[in-house]
Amino acid sequence: MPFTLATWNINSVRLREPIVLKLLEDEAPDVLCLQECKSPVEKIPLDGFRALGYNYIVARGQKGYNGVAILSKIPMVDAGEQDFAALGHARHVAGKLENGVTIQNFYVPAGGDVPNREVNEKFGQKLDYLTDMRDWFNADKPEKSILVGDLNIAPREDDVWNHKQLLKIVSHTPIEVEHLAETQDAGNWVDITRQDIPEGQLYSWWSYRAKDWAAADKGRRLDHVWATSDISNAGHGSRVLRDARGWEKPSDHAPVFATFDL
DNA sequence: ATGGTGGGCGCCCCA
């Protein structure tokens, strides 16, 4: 059975309930993973999602910051969470679907402005978060799993608008890219988006601070869809719904899609 | 070198 999944950093699920509903109505993915919900779980507006058939929902939240959720039309038979790097943040939730696939949904710390853990605690927390992910995957190798989320790292030269100009900018520094690669290797994860779209510039985030985000097109690919190597061949049809960045009251991220024939 | 915008919360944090 083929199923389609999307991941979207929504930057407040309460403020942007209308565009979440629009995405679910227009595109109808079987599974939608959200990050930066910025809401306690009990204040997430679930009724509208349920009315569209997303009856299986797991979420983790806290007041004002972070927060992740998985909305699914496919029954979920198990759920879990991990507090990587012991930050006490709602940055991870996992759900096992009835079809045997496990979804890992992550919101990796952004890491602040200065790429030096000696002077910027947040950068150290970001690296530690990735190291903890790596160790977790090494200790318990994932199988038949899909990892999605805002990983806050654009690893490839063509994942950013200007590689040289961003080498010292948090999200594209070599040490972050190295940490991400170690995490990816530890879980035998395959980058499905780049398996499908191997060539060319590809972004999923554009800053709010640009006068005209589309004209400037100074984007970064921060949002990812990975799959374990045992199911990576089933992945296809990846795309970034760039249009959503131009919707009414948009998130600064666009949704990333992939389809799996399993 | 800097400031630009946006969300949540409440006199400032975070992205």
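In what follows, every chain begins at residue 1, and chains take the letters A, B, ... in the order their sequences are listed.
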**Request:** Please list, chain by chain and in numerical order, all residues satisfying side chain to side chain contact (heavy atoms under 4.5 Å, CB included) with A:D135, sequence neighbours excluded.
**Result:** A:T131
**Prompt:** Listed in order of residue number, which residues of residues 201-214 of chain A have a non-hydrogen atom at under 4.0 Å from DNA chain B?
**Reply:** A:Y208, A:R209
**Request:** Using side-chain hydrogen bond (donor to acceptor under 3.5 Å, both in side chains) as the criterion, list what pairs up with A:W205, not counting sequence neighbours.
**Result:** A:D252
**Request:** Give me the first and last nucleotide of DNA chain B, going 5' to 3', that has any atom under 4.0 Å from a heavy atom of chain A.
**Result:** B:dG4 to B:dA15
**Asked** Which value, in whole Å, describes the distance between the C1' atoms of nucleotides B:dC14 and B:dC9?
**Response** 11 Å
**Request:** On DNA chain B, check which nucleotide each of A:E36 and A:K63 is closest to and give me the residue with the more 5' one.
**Result:** A:K63
**Message:** Under 4.0 Å, heavy atom to any atom of DNA chain B: which of residues 103-111 of chain A qualify?
**Reply:** A:Y107, A:A110
**Prompt:** With A:E27, which residues qualify under side-chain hydrogen bond (donor to acceptor under 3.5 Å, both in side chains), at least two apart?
**Reply:** A:R239
**Contacts of type salt bridge (charged side-chain N to carboxylate O under 4.0 Å, His left out), residue A:D217, not counting sequence neighbours** = A:R242
**Request:** Say whether A:T7 and A:Q35, considering side chains only, have a donor N or O and an acceptor N or O under 3.5 Å apart.
**Result:** yes
**Prompt:** Is there any side-chain hydrogen bond (donor to acceptor under 3.5 Å, both in side chains) pair reaching into residues 87-98 of chain A, and which pairs are they, with sequence neighbours excluded?
**Reply:** A:N66-A:R91, A:H89-A:R91, A:H92-A:Q104
**Item:** N/O donor-acceptor pair under 3.5 Å between A:K141 side chain and A:A186 backbone
**Value:** yes
**Message:** Please report the distance separating the P of B:dG10 from the corresponding atom of B:dG4, rounded so that it comes out in whole Å.
**Reply:** 26 Å
**Request:** Could you tell me which residues satisfy ring-ring contact (aromatic ring centres under 6.0 Å, His included) with A:H163, sequence neighbours excluded, listed by chain and number?
**Result:** A:H172
**Message:** Run the side chain to side chain contact (heavy atoms under 4.5 Å, CB included) test against A:T4 and tell me which residues pass, sequence neighbours left out.
**Reply:** A:P29, A:D30, A:F257, A:T259
**Request:** With sequence neighbours left out, write down each residue that passes salt bridge (charged side-chain N to carboxylate O under 4.0 Å, His left out) with A:E182, or none if nothing qualifies.
**Result:** A:R134
**Message:** Mind checking if A:K249 touches a base, just sugar-phosphate, or nothing, with heavy atoms under 4.0 Å?
**Reply:** sugar-phosphate
**Item:** Separation between the C1' atoms of B:dA15 and B:dG3, rounded to whole Å
**Value:** 16 Å
**Message:** Test: salt bridge (charged side-chain N to carboxylate O under 4.0 Å, His left out). Region: residues 183-206 of chain A. Which pairs qualify, not counting sequence neighbours?
**Reply:** A:D158-A:R194, A:D159-A:R194, A:D191-A:R221
